[in-house]
Amino acid sequence: MHWSDVVAQRLSERGQKHIVSTGITPSGEFHIGHLREILTGDMIAKAAKKAGLDVEFVFIVDSADPLRKVYSFLDDSYSTYIGHQLKQIPPPNAEGRPDMERFDQGISYADHFLEPFRQALEQIDVRPRFIDNYEAYADGNFAETARIACNNADKIREIIERVSSRELSDDWFPWNPIDSKGSIDGIRVTGWNDPIVSWIDAEGNEGTSDVTKGEGKLPWRIDWPAKWAWIGVTMEPFGKDHGAAGGSYDTGKEIVELFGKAAPVDLTYEWISLRGQGAMSSSSGNTIGPLEALSLVPPEILRYLVASTKPNKAIEFDTGMGLVNLADEFERTTARDFSIEMQKEGLSRRQTVAIEDAKTALELSLISPLEETSKVTFRHLAMLAQTKSNDEDVWNSLGLAGNVAQSMIDRLDRMRTWIQSRHFPDELRITILEEPDVEAVGRLDGENLAILPTLVEALEACEWDASSIQSTISNAAKSRDMSPRHAYRALYLCIMGAERGPRLPTILTELDQSTIVNLLRACLEESVEP
RNA sequence: GGGCCUGUAGCUCAGUCAGGUAGAGCGUCGGGCUUUUAACCCGAUGGUCGCGGGUUCGAACCCCGUCGGGCCCGCCA
């Protein structure tokens with residue numbers, strides 16, 4: 001059974017109506033690691049729907065969280081905003097400075113980072129109900145839970161200290177009020193008179209905060225279960241940081257009972273890291289953003305990456321050959337006929353499960369109907385995109401002329417972007433030698449050497465277009481009673497230094513005829529001199 | 001100190017939750033495709049399942065131990 005179906009089954013054991021929730025703090029650039037959180041939730045919601053459950057998928061934007069520190073991409077002037085809620089501070093401009101102009105237009109720091117992520121979500125066909133946490137506080141959605149928390153401060157303190165074996169300071173209180181300057185840092189609660197918290201801030205100013213009106217926020221370990229309670233969350237996937245023993249899920253599932261609710265079904269997922277570069281980190285700039293990833297690969301591939309990997313498995317995102325292999329695996333999967341595979345006799349349980357999982361992973365990945373996708377592999381398209389500068393030539397080669405689906409046009413655009421990017425693997429890059437590669441020439445065998453002089457002469461004389469070059473090569477081989485592949489091997493070794501390569505004639509037409517002939521001549525000379 | 005994940009073919013991994021003759025893709029090698037030669041088709045190659053014990057008729061799988069890799073436990077989501 002696919003992992004999403006396993007979760008759906010757990011949900012159906014609990015009841016008919018469900019809310020699957022995900023959430024992210026917009027404190028900086030979103031990256032593909034965040035995509036795992038929301039795709040995991042999306043896929044569980046889809047599986048629950050398939051199982052006949054009444055399910056809603058929500059995405060909470062934690063815009064009530066404070067700015068923790070001046071991140072590396074921010075200007076030092078942001079230090080005045082530390083402790084201020086992300087919805088209440090200006091977005092950074094290109095230099096990382098506060099952009100007051102946009103802030104005046106109503107765009108906050110949180111909005112600034114959320115917007116590109118929203119666009120990416122649309123592209124990958126994830127359409128949750130968005131909940132802005134800051135607004136939820138302002139609208140009074142946390143009123144009840146906040147009052148319960150404050151009235152049960154001792155119980156909550158006991159839970160957190162026991163479960164997380166952490167000691168809370170004497171003046172700890174389950175509410176972070178906002179001080180006279182808009183910060184929730186360095187402020188101390190001095191009294192509680194339901195529903196009013198009194199406080200004194202770092203500069204000695206005193207004031208009060210109404211917990212039912214969002215004049216502050218609940219600390220994270222209470223904020224989370226409070227969200228479960230007011231939204232009615234019954235399932236939530238979360239990163240392994242929350243899942244550790246004594247972590248916020250462990251304390252949350254006890255705290256939520258004070259609110260009269262049960263903890264949601266949990267699922268801990270592993271991180272996505274970048275191959276060879278370790279964990280993704282916004283501060284070090286070591287990230288791939290969702291939009292950047294989507295500029296390289298179709299959304300289906302990103303969905304497939306998450307769908308085909310069990311959540312507890314760490315993913316190493318590889319923008320080079322790994323991406324090619326992933327994409328080609330996806331293409332092969334789309335071509336499979338699962339119903340025929342399942343009818344095969346003598347399947348072990350293991351094989352049956354593998355087929356079912358592949359089928360489900362594919363279903364969860366597809367955005368448009370299968371008919372619209374093409375069978376062309378990434379490798380093949382990479383070759384075509386490099387050898388044909390004109391899109392029409394690519395469609396002709398694929399036999400799609402005059403009837404090109406939008407998804408194919410997108411794929412070619414992405415491929416061209418990828419080829420020009422730093423991510424494109426050398427292994428797929430087509431290189432033409434400028435002078436003979438001595439080592440490669442040394443690998444020419446007797447038949448290669450025999451055909452080479454004939455080839456050089458024929459190519460020098462032939463018309464320089466794809467079909468002429470092709471027949472010239474074939475005829476040269478036939479004239480000496482040998483298979484064309486000997487001729488091709490000779491050419492690949494001389495022109496590219498490899499025994500095989502992409503289809504030659506089309507590449508040669510993009511190159512200068514005399515340059516190629518001269519290169520071949522030079523190889524010929526190299527080969528006769530021992 | 002507490003906890004989680006992980007170790008299976010050259011590479012990426014599935015298989016571990018319900019023990020039953022070790023799997024897939026890629027790679028490599030060979031053949032075919034006698035003009036789509038990084039495509040496609042066929043075949044082959046390839047693993048003491050990290051290590052040591054235990055349970056069992058039978059263990060990659062369950063139990064104990066051990067070694068290696070990654071990670072989480074600061075009001076930080």
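Below, chains carry the letters A, B, ... as their sequence lines are ordered, and counting in each starts from 1.
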* Separation between CD1 of A:Ile231 and CD of A:Glu236, rounded to the nearest 0.5 Å -> 8.5 Å
* Quick one: label A:Arg489 by what it contacts on the DNA or RNA (base, sugar-phosphate, nothing), any heavy atom closer than 4.0 Å. => nothing
* Name the closest nucleotide to the A:Ser471 side chain, picking from B:rU35, B:rC72, B:rC73. => B:rU35
* Asked: To the side chain of A:Tyr488, which of B:rU35, B:rA77, B:rU37 is closest?
  -> B:rU37
* Structure fact -> Of the listed B:rA77, B:rU35, B:rC73, the closest approach to the A:Trp220 side chain comes from B:rA77
* Asked: Less than 6.0 Å separating the ring centroids of A:Tyr78 and A:Phe73?
  -> no
* Rounded to the nearest Å, what distance is computed from the NZ atom of residue A:Lys227 to the P atom of nucleotide B:rA77? -> 10 Å
* Asked: Which of the following nucleotides, B:rC72, B:rU35, B:rG74, is nearest to the side chain of A:Arg166?
  -> B:rG74
* To do: Report the secondary structure of RNA chain B in dot-bracket form, marking unpaired bases with a dot and bases paired to a different strand with |, and treating Watson-Crick or G-U pairs with both distances under 3.5 Å as paired.
  => ((((((((.[[[[.)....(..]]]].(((((.......))))).....[[[[[..)....]]]]])))))))....
* Does A:Lys253 come within less than 4.0 Å of A:Asp266, counting only side-chain N to carboxylate O? -> no
* Does a side-chain N-to-carboxylate-O contact under 4.0 Å join A:Arg188 and A:Asp170? -> no
* Taking only N and O in the side chain of A:Asn312, is any of them less than 4.0 Å away from OP1 or OP2 of B:rU6? -> yes
* For B:rU6 and B:rU45, measure between their C1' atoms and round to the nearest Å. => 29 Å
* Near A:Glu457 CD, under 6.0 Å, is it more than 12 heavy atoms from other residues, nucleotides or ligands? -> no
* Asked: How far, in whole Å, is B:rU28 from B:rC11 if one measures between their P atoms?
  -> 15 Å
* Phosphate contact (B:rA77 OP1 or OP2) by A:Arg68 side-chain N/O below 4.0 Å -> yes
* Asked: Taking the C1' atom of each, how far is B:rG65 from B:rC29, in whole Å?
  -> 43 Å
* **Between P of B:rC13 and CG of A:Leu323, the distance in whole Å** => 14 Å
* To do: Side chain of A:Lys313 only, please: which of B:rC13, B:rU37, B:rA77 is the nearest?
  => B:rC13
* Asked: Can you tell me how far C1' of B:rU36 sits from CG of A:Leu508, to the nearest Å?
  -> 15 Å
* Whole-Å C1' distance, B:rG7 and B:rG50 -> 6 Å
* **Inter-nucleotide P distance (B:rG70, B:rC13), Å rounded** => 15 Å
* Would you say a side-chain N or O of A:Arg221 is under 4.0 Å from OP1 or OP2 of B:rC76? -> no
* Value rounded to 0.5 Å, distance of CD1 in A:Ile473 from CD1 in A:Ile451 -> 10.5 Å
* Mind checking the P distance from B:rA22 to B:rG46? Whole angstroms is fine. -> 16 Å
* **Selected nucleotide, minimal atom distance to A:Lys240 side chain, candidates B:rC71, B:rU35, B:rU37** => B:rC71
* Less than 6.0 Å separating the ring centroids of A:Phe317 and A:Trp271? -> no
* Carboxylate-amine/guanidinium contact A:Asp201 A:Lys181, below 4.0 Å -> no
* To do: Could you please name the option among B:rA77, B:rU35, B:rC5 that lies closest to any side-chain atom of A:Asp62?
  => B:rA77
* Asked: Contact class for A:Gln470 (heavy atom, under 4.0 Å): base, sugar-phosphate, or nothing?
  -> base
